Asker: 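Okay, handing you the structure first.
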2 protein chains.
Amino acid sequence: MQISKGVEWAVHAAALLNGLPAGRGLKAEALARYHGVPAPYMAKQMQALSKAGITRSSRGAHGGYRLARPADQISLWDITAAVDGKGPAFRCTEIRQNGPCGLKPKDCKKACQIAAAFAAAERAFRESLAVISLADIAGQVVDDASPEHLTAIMQWLGKEAEPLSDSQS
Amino acid sequence: MQISKGVEWAVHAAALLNGLPAGRGLKAEALARYHGVPAPYMAKQMQALSKAGITRSSRGAHGGYRLARPADQISLWDITAAVDGKGPAFRCTEIRQNGPCGLKPKDCKKACQIAAAFAAAERAFRESLAVISLADIAGQVVDDASPEHLTAIMQWLGKEAEPLSDSQS
DNA sequence: TTAAATCGGATAAAAAATATCCGAATAAAG
DNA sequence: CTTTATTCGGATATTTTTTATCCGATTTAA
């Protein structure tokens, strides 16, 4: 059971976008450079966020990404689902219908008890992530960081952030 | 985020072993045949269960597997951890230390807030599985099954179950 | 109108999960 | 006691998923 590395990158990237002044954005390459990760793969994660409606993108010269809605309305589960998919981690293959004592399909209207137990556990996992917003994370990071570090970030953002046009998607 | 298919098989296999009379066991090939799955891969899962101390194995003629302790002392998390590993699904790669605004290692004594949030979610997942025992699952299955189906299982077990010697591991 | 720049989907490489095989070990029979 | 059949256990291929990369479609600005 592995969560893809892209989830980690996407959350960090979204948290950084939250620090942007209104109306400005960062291109995928800048996000990758900031976090010291391969640019094309970071770009792929950003595409997933845009497709899920978490970020908005602007194409063409001076394009880039920005958050599509306030950070307190974006949960860690939203980002995880966008990058890794919403599908269940435990996939019941109905092996209770196999073999010499296999059940008939008509006797399988109730979900398999084993699958139900794992579904409940995954629900607990999702709920735990769903109650934490990007705003929560950003707040904690700011609280923990030194003033010098915050200044350095602001300076970097001031240098790299581009004013974006208002076009969609 | 995927849970390996082997986990499903291992739980089903362990539940079946719970139905055995005391002192008897099933070989890996029989467990695979019962569930209609490839024998060698089922065997691999059983090896993982034995390594984790969940099952005991007997080698040689008339060998096989049995549960190593009562079913109410085996949780779904025990089995999941044995097959899929105990390691965290979210692997923090400390990208906060990368790039132009990267933190120094000495400023990273506190765990990354993002990693901490995912760790909490995984804890919720584990706890949810840890409170469900193999005995719970087996009880529910028996409650739901028709008398004929239970009889069929008993007959099959009577035919396939081997008396095991008392040797270790 | 032209040209530069960026996102988006399609395409390779690496890693992990899945499936399989063969040797070591045990027990029963000769 | 020796031999032989049988089983588990670890090492080995194959397939799938994840990770990483590239090139074309689209948009903006000059």
Side-chain angles (χ1 to χ4, degrees), chain A residues 1-10 13 25-33 35-52 55-66 68 83-85 87 89-91 93 95 160-169, chain B residues 1-10 13 25-33 35-52 55-66 68 83-85 87 89-91 93 95 160-169:
Chain A
M1 155 150 140
Q2 301 283 69
I3 294 173
S4 86
K5 223 183 288 186
V7 172
E8 182 190 15
W9 301 2
L26 286 171
K27 58 184 174 181
E29 183 276 326
L31 286 165
R33 186 154 34 82
H35 293 105
V37 298
Y41 195 42
M42 170 60 91
K44 187 183 164 88
Q45 314 312 326
M46 296 313 296
Q47 287 169 26
L49 291 185
S50 283
K51 212 167 170 181
T55 55
R56 287 198 307 163
S57 65
S58 298
R59 314 231 288 206
H62 303 291
Y65 293 94
R66 78 187 94 175
V83 173
D84 246 23
F90 183 94
R91 299 150 292 170
T93 58
I95 64 175
E160 296 285 343
E162 301 271 9
L164 299 182
S165 63
D166 289 339
S167 68
Q168 281 299 338
S169 186
Chain B
M1 156 148 138
Q2 302 282 72
I3 293 173
S4 85
K5 225 183 283 187
V7 172
E8 182 189 15
W9 300 2
L26 287 170
K27 58 184 174 182
E29 183 275 326
L31 285 166
R33 186 154 33 81
H35 293 105
V37 299
Y41 195 43
M42 171 59 92
K44 185 182 165 88
Q45 314 312 326
M46 296 313 296
Q47 288 169 26
L49 290 185
S50 284
K51 213 168 171 182
T55 55
R56 286 199 308 163
S57 64
S58 298
R59 315 229 291 203
H62 304 291
Y65 293 95
R66 79 188 92 176
V83 174
D84 248 23
F90 183 93
R91 300 151 291 171
T93 58
I95 64 174
E160 297 285 343
E162 301 271 8
L164 299 182
S165 63
D166 289 338
S167 68
Q168 280 300 341
S169 188

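These figures come from a predicted structure and were not determined experimentally.
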Asker: Whole angstroms only, please: what is the CD-C1' distance between B:Gln47 and D:dA11?
Answerer: 11 Å

Asker: Output the rounded distance in Å from CH2 (B:Trp9) to C1' (C:dA19).
Answerer: 8 Å

Asker: Identify which nucleotide among D:dG9, C:dA28, D:dT21 has an atom closest to any side-chain atom of A:Pro38, counting heavy atoms from C-beta outward.
Answerer: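 Nearest nucleotide to the side chain: D:dT21.
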
Asker: Has A:Arg91 got a side-chain atom pairing as donor or acceptor with B:Ile3's backbone, closer than 3.5 angstrom?
Answerer: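 A pair under 3.5 Å: yes.
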
Asker: Considering only side-chain heavy atoms of B:Lys44, which listed nucleotide, C:dT18, D:dC8, C:dC7, is closest?
Answerer: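 Of the options given, the side chain of B:Lys44 lies nearest C:dT18.
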
Asker: Round to a whole Å and report the spacing from CZ of B:Arg59 to P of D:dT7.
Answerer: 13 Å

Asker: So, does A:Ser4 get its side chain near the phosphate of D:dT19, meaning an N or O under 4.0 Å from OP1 or OP2?
Answerer: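 It does, given that an N or O in the side chain of A:Ser4 lies less than 4.0 Å from OP1 or OP2 of D:dT19.
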
Asker: Under 4.0 angstrom, heavy atoms only, what part of the nucleic acid is B:Gly60 near: base, sugar-phosphate, or nothing?
Answerer: base

Asker: Report yes if a side-chain nitrogen or oxygen of A:Ser57 is closer than 4.0 Å to either non-bridging phosphate oxygen (OP1 or OP2) of C:dG8; otherwise report no.
Answerer: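 Affirmative; the distance criterion is met.
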
Asker: Would you mind classifying the nucleic acid contact of B:Gln2 as base, sugar-phosphate or nothing, using non-hydrogen atoms under 4.0 angstrom?
Answerer: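 If one applies the 4.0 Å heavy-atom cut-off, B:Gln2 turns out to touch the sugar-phosphate alone, with no base involved.
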
Asker: Would you say a side-chain N or O of B:Lys5 is under 4.0 Å from OP1 or OP2 of C:dT18?
Answerer: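 No, because none of the side-chain N or O atoms of B:Lys5 sits under 4.0 Å from OP1 or OP2 of C:dT18.
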
Asker: Indicate, with a heavy-atom threshold strictly under 4.0 Å, whether A:Ala28 touches base, sugar-phosphate, or nothing.
Answerer: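 Sugar-phosphate contact only - A:Ala28 comes under 4.0 Å of backbone atoms but never of a base.
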
Asker: Closer than 4.0 Å, any side-chain N/O of B:Arg91 to the OP1 or OP2 of D:dT19?
Answerer: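 Yes, B:Arg91 has a side-chain N/O under 4.0 Å of OP1/OP2 on D:dT19.
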
Asker: From the set D:dT21, D:dT7, C:dG8, return the single nucleotide nearest to any side-chain atom of A:Pro40.
Answerer: D:dT21

Asker: Less than 4.0 angstrom between a side-chain N/O of B:Tyr65 and OP1 or OP2 of D:dG9, yes or no?
Answerer: yes

